[in-house]
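Encoded as structure tokens, the structure appears first; notes follow it.
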Amino acid sequence: RGWVAGLLLSSYALLIPGLISHLFTSKTSMFGTHTVSQYDETMVSLVRRLAHDQMYLGSVLVTIYAMVVPGVKLLMLALAQGLKRGGPVSVAWARRCILVVQA
């Protein structure tokens with residue numbers, strides 16, 4: 001049971017640096033003298049760039065899968081922890097929350 005909590009905490013502890021750390025850096029130059037384009041992307045800046053370039057579907061999908069889904073899963077796990085201390089109906093809802101997180 002302790003290793004499950006450890007894996008869960010470590011995976012969510014890595015989520016925040018994964019969102020704000022640099023994904024890649026790119027510099028394109030012509031003949032080494034003139035810089036044509038330069039990118040330094042994080043997950044948040046990638047979403048912002050996609051939205052700015054009117055690639056709304058990509059922006060929404062990246063936001064959902066990289067930011068919203070992990071947040072909702074964490075919220076449901078916390079809710080399940082609180083509900084499991086209640087009566088039989090609360091325990092049933094806690095199990096449903098855990099099943100949704102595992103799905």
With distance as the sole test, does [X] use its side chain to make a donor-acceptor pair with the main-chain N or O of [Y] at under 3.5 Å?
| X | Y | answer |
| --- | --- | --- |
| S10 | L7 | yes |
| S45 | E41 | no |
| T63 | S59 | yes |

Residue pair Y65 / P70: nearest heavy atoms and the distance that separates them: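 Smallest interatomic distance, heavy atoms only, reads O-CD, 3.8 Å.
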Tell me whether [Y] is reachable from [X] by hopping between hydrophobic residues (I, L, V, M, F, W, Y) whose side-chain heavy atoms are closer than 4.5 Å.
| X | Y | answer |
| --- | --- | --- |
| L79 | V72 | no |
| M55 | M43 | yes |
| L74 | V68 | yes |
| W3 | L9 | no |
| Y12 | M76 | yes |

Check whether any side-chain heavy atom of I64 lies under 4.5 Å from a side-chain heavy atom of V60, and answer yes or no.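 They are in side-chain contact.
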Are the side chains of K84 and I98 in touch, meaning some heavy atoms are under 4.5 Å apart?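 Answer no - side chains too far apart.
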Would one find more than 12 heavy atoms of other residues, nucleotides or ligands at under 6.0 Å from atom CZ of R96?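 Above 12, so yes.
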